[in-house]
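Residues: numbered from 1 along the sequence shown.
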Amino acid sequence: MRLAIDMLHFRVRRIAPITVSLLLGAGACVTTMKPPVVNSGPASSKSGVEVAVLRQACSQTEPVDEVPVGSVDETVEIQVRNGSPEPLVVHPDRFRLLAADGATQATVPSHAGDALTVAQGETQTFQVEFTASGGLACTKEMRLDPDVGVTLRDAPVALAPVPFRPL
């Protein structure tokens, strides 16, 4: 019995440093949200609605032999300010991420929250996550396109894309 306990103790001592290393390594992979390096400021509509990129986190994997196309994971914290005389509805799942050249196909959100109402004169923030294969890079300009993601009386609010450069 004593031999079995000693063997178990020996295995636990050998595994513990590996477990701690794995946990520390996983924690190091968490990306911190920060303001974009270059930010154009908010896009504004004639009705007084503004959409801005406040903070973002971008990570990029490079292509390798087994996977010939790299990918970009971009999380964007978006602020919507309602300067219109009526409440508006924000549909995070309708926002798109575009490359600056406009040639790359729009990237749809990989994760977005539910629709939210922004009352007259109020401001709301929310996050949208995008995953793109090819066409986008963390070091190049991107454009957040509200597309039909902001509506007043069920009609899309005309807003230009918001240019920014993550890194």
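The two residues Ser84 and Leu152 come nearest to each other via the heavy atoms OG-CD2, 3.6 Å. Residues Pro166 and Met142 come closest through the heavy atom pair CG-CE, 3.7 Å. The shortest heavy-atom contact between Ser45 and Ala158 is CB-O, 3.4 Å. Between Pro92 and Ala115, the closest heavy-atom pair is CD-CA, 4.1 Å. Summarising the geometry of Val53 relative to Asn39, their closest heavy-atom pair is O-ND2, 2.8 Å, with the distance given to 0.1 Å. The shortest heavy-atom contact between Pro87 and Thr117 is CB-CG2, 4.1 Å.
Asp101 CG: more than 12 foreign heavy atoms inside a 6.0 Å radius.
Rounding to the nearest 0.5 angstrom, the gap separating the CZ atom in Arg165 from the CD atom in Gln56 is 10.5 Å. To the nearest 0.5 Å, the span separating CG on Leu159 from CG on Leu144 amounts to 10.0 Å.
Pairs passing the ring-ring contact (aromatic ring centres under 6.0 Å, His included) check and including a residue from residues 65-97, sequence neighbours excluded, read Phe95-Phe126.
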message: side-chain contact (heavy atoms from CB on, under 4.5 Å) for Leu88 and Val49? Distances and angles first, verdict last.
response: CA-CA 9 Å; Leu88 60 84; Val49 176; 3.5 Å; yes

field: From CA spacing to verdict: side-chain contact (heavy atoms from CB on, under 4.5 Å), Leu136, Thr107
entry: CA-CA 9 Å; Leu136 296 175; Thr107 303; 3.8 Å; yes

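Without hydrogens or angle criteria, Ser40 side chain to Val162 main chain gives no donor-acceptor distance under 3.5 Å.
Residues Val118 and Val90 form a side-chain contact, since some pair of their non-hydrogen atoms from C-beta on lies under 4.5 Å apart. In this structure the side chain of Asn82 never reaches within 4.5 angstrom of the side chain of Glu122, judged on heavy atoms.
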Which atom pairs, donor and acceptor, lie under 3.5 Å between side-chain atoms of residues 70-78 and protein residues at least two apart or in another chain?
residue : atom : partner : partner atom : Å
Ser71   : OG   : Thr61   : OG1          : 2.8
Asp73   : OD1  : Thr131  : OG1          : 2.8
Glu77   : OE1  : Arg55   : NE           : 3.0
Glu77   : OE2  : Arg55   : NH2          : 3.2

